[in-house]
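In what follows, a structure is listed as structure tokens, so that the remarks can point back to it.
Atoms within a ligand are numbered from 1 in the order they appear, just like the ligands themselves.
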Amino acid sequence: MAEYAAPRGTRDILPAETQKWQYVESVFRDMCALYGFEEIRTPTFEHTELFVRNLGETTDVVSKEMYNFETKGGRKLTLRPEGTAPTVRAYVTHNLGAVLPVNKVYYIARIFRFERPQAGRYREHTQLGVEVFGSIDPALDAEVISFAAGFFREVGIDQFELKLNTIGCPKCRPEHRKALLDFVESRLGDLCETCRDRYERNPLRMLDCKEERCQAALTDAPVMIDYVCEECRDHFAKVRAYLTEMAIPFVLDNKLVRGFDYYTKTAFEFVSGELGAQNAIGGGGRYDNLVEEIGGAPTPAIGFGLGLDRLLLTLDAMQVQLPLQPRNAVFVAGLGEAGHEAAVKTVCGLRKNGVAADMDYTGRSLKAQMKVANKLGARFVVIIGDDEIAGDTVTLRDMSSSEQKSLPTSELVEYIKSR
Ligand code: HAM
């Protein structure tokens with residue numbers, strides 16, 4: 001059977017688990033409604049160029065992790081390795097900026113990255129993300145961050161760290177880059193091979209290398225905050241002030257750079273102590289030039305994405321009990337042929353009246369049916385055998401109290417609804 005296992009880095013999410021996914025997704029959708037985000041759904045794959053040009057050719061995602069394929073006609077396509085570029089592409093394609101001055105959208109999307117699988121890192125994962133287009137107001141940075149923090153708390157994660165940084169803009173970055181290159185030049189031998197390559201191609205990324213030797217060598221490296229222009233400095237000060245006012249704790253991490261080249265100004269990441277190496281449960285930032293780079297009018301923007309898979313791992317590790325609804329409120333156990341037929345009728349009647357109900361289709365004994373009802377988490381079991389049919393009644397068992405009583409068939413729906 002091995003050849004039919006799910007491909008490496010992917011997983012089957014089974015019914016016992018999907019309930020949790022749905023719960024978290026519904027909390028997310030409710031929060032989006034509260035904050036005025038509307039859903040956008042973009043294709044699972046896009047033209048390869050969209051990602052290569054706009055995420056940064058030297059980023060890990062573009063240089064190593066994309067699932068690329070070619071159509072018969074020779075067009076190069078890529079399974080989306082993140083949700084921001086496709087959302088911006090859709091924003092530009094449909095000129096959404098002409099519809100509203102500020103557009104706020106959210107998505108729940110499968111994301112594909114050819115990474116080395118490990119706990120919390122998959123080749124297919126799900127991201128819940130939001131993006132806001134059309135304003136440079138630092139209050140919006142604070143809103144997006146407070147949305148994220150509020151969402152984590154709402155689902156039951158109250159212990160996380162919010163890391164915050166500014167990574168400047170094209171105006172101020174060159175000066176920092178120069179200082180960083182000067183600083184590293186004499187220390188190149190101490191860096192890992194990847195960072196030596198980054199030195200040439202994408203120096204900023206050296207700052208958040210996870211290798212100990214690089215961290216040690218770069219402890220005193222020049223950081224962006226000391227080089228930002230007045231506009232970026234001002235913006236960052238206001239974001240921090242808003243967050244403080246909103247009572248959202250954060251730690252300044254002047255080495256946080258994030259994994260894509262499109263970011264400008266504010267960058268942030270949420271990390272959970274419950275996860276191992278893959279401890280980022282979400283991250284985002286501003287990307288004020290991306291809309292223009294993708295072909296739209298200059299439009300500042302900000303967003304964030306969180307990994308649903310990792311969020312659920314965190315909830316499990318914290319042993320958070322999610323308020324999940326039992327799947328079937330009522331299980332109808334029919335005994336014998338007549339009981340089975342009556343059960344079919346009863347289940348139909350319950351469902352017609354909006355009561356979730358299910359029954360047995362395998363001709364099991366009452367004891368076996370009760371076991372199934374238990375597994376399904378039924379609140380009530382309706383038992384119908386020959387005696388019940390003769391008296392036009394049903395036997396109702398309350399699974400939480402184990403109490404059993406007889407009811408006229410005609411009163412069943414009302415009785416259950418009243419509970
Ligand atoms: P990202 O930091 O690459 O940002 O991904 C966001 C989140 O997705 C991560 O914090 C992590 O929780 C989760 N994640 C990433 N890769 C994996 C993986 N291989 N397995 C499981 N979970 C993973 C972005 O993708 C940006 N588009 C976010 C953004 C939106 N920035 C602005 N707007």
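Not less than 6.0 angstrom separates the ring centroid of F380 from the ring centroid of F331.
Taken to the nearest 0.5 Å, the CG atom of L180 stands 5.0 Å off from the CG atom of L207. Between L164 atom CG and L252 atom CG the span is 6.0 Å, to the nearest 0.5 Å.
Using a 4.0 Å cut-off between charged nitrogen and carboxylate oxygen, E124 and R113 do not count as a salt-bridge pair.
Only backbone heavy atoms of I281 (N, CA, C or O) come within less than 4.0 Å of ligand 1; its side chain stays farther off. Heavy atoms of Q127 found under 4.0 angstrom from ligand 1 belong exclusively to the side chain. When heavy-atom distances to ligand 1 are checked against a 4.0 Å cut-off, F270 has no atom that comes that close, whether in backbone or side chain. Under 4.0 Å from ligand 1, the heavy atoms of Y262 that appear belong solely to its side chain.
Looking only at atom types and distance, the side chain of R364 has no donor-acceptor partner in the side chain of Q369 under 3.5 Å away. No side-chain N or O of D360 forms a donor-acceptor pair with one of H340 less than 3.5 Å apart. Residues R198 and T194 have side chains that never bring a donor and an acceptor to within less than 3.5 angstrom of each other. Using modelled atom types, one finds no donor on one side chain facing an acceptor on the other under 3.5 Å when comparing S272 with N279.
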Verdict with supporting geometry, F45 and F69, ring pair (Phe, Tyr, Trp, His ring centres under 6.0 Å): CA-CA 10 Å; F45 50 86; F69 59 102; 5.6 Å; yes
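When the heavy atoms of Y107, Y263, F260, F112 are ranked by distance to atom 31 (N) of ligand 1, first place goes to Y263. Here the shortest heavy-atom distance to atom 1 (P) of ligand 1, taken over R258, E82, R286, belongs to R258.
Annotation: atom 9 (C) of ligand 1 to nearest protein heavy atom, A280 O, 4.0 Å. Nearest protein heavy-atom contact of atom 3 (O) of ligand 1 is R113 NH2, 2.9 Å. Ranking the protein heavy atoms by distance from atom 33 (N) of ligand 1 puts E131 OE1, 2.8 Å first. In terms of protein heavy-atom proximity, atom 18 (C) of ligand 1 is nearest to H125 ND1, 3.4 Å. Nearest non-hydrogen protein atom to atom 13 (C) of ligand 1 is G307 CA, 3.6 Å.
Summarising the geometry of R80 relative to P86, their closest heavy-atom pair is CB-CG, 4.3 Å, with the distance given to 0.1 Å.
Within the 4.0 Å heavy-atom shell around ligand 1 one does not find G259. Heavy atoms of G129 stay at 4.0 angstrom or farther from ligand 1.
Of the N or O atoms in E269, none lie within a sub-3.5 Å distance of an N or O in ligand 1. At a 3.5 angstrom cut-off on N or O pairs, R121 does not count as close to ligand 1. Between Y122 and ligand 1, at least one N/O pair is under 3.5 Å apart. Considering backbone and side-chain atoms together, G284 places no N or O closer than 3.5 Å to any N or O of ligand 1. In terms of N/O distances under 3.5 Å, ligand 1 is not approached by G305.
Shown are Y91, Y106, Y287; of these, the side-chain hydrogen bond (donor to acceptor under 3.5 Å, both in side chains) with E131 is made only by Y287. None of N289, T59, T84 except one satisfies the side-chain hydrogen bond (donor to acceptor under 3.5 Å, both in side chains) rule with Y262; the exception is T84. Put simply, the residue from R240, H235, K238 that forms a side-chain hydrogen bond (donor to acceptor under 3.5 Å, both in side chains) with D141 is H235.
Below 4.0 Å from some heavy atom of G283 lie the following atoms of ligand 1, by number and element: 10 (O), 28 (C), 29 (C). For ligand 1, the atoms closer than 4.0 angstrom to any heavy atom of G303 are 30 (C), 31 (N), 32 (C), 33 (N). Annotation for ligand 1: atoms under 4.0 Å from non-hydrogen atoms of F304 are 29 (C), 30 (C), 32 (C), 33 (N). For ligand 1, the atoms closer than 4.0 angstrom to any heavy atom of E115 are 16 (N), 18 (C), 19 (N). In the vicinity of R310, heavy-atom distances shorter than 4.0 Å reach the ligand 1 atoms 11 (C), 12 (O), 17 (C), 18 (C), 21 (C), 22 (N), 23 (C).
Summarising the local packing, CZ of F114 is surrounded by 12 or fewer heavy atoms from other residues, nucleotides or ligands at distances under 6.0 Å.
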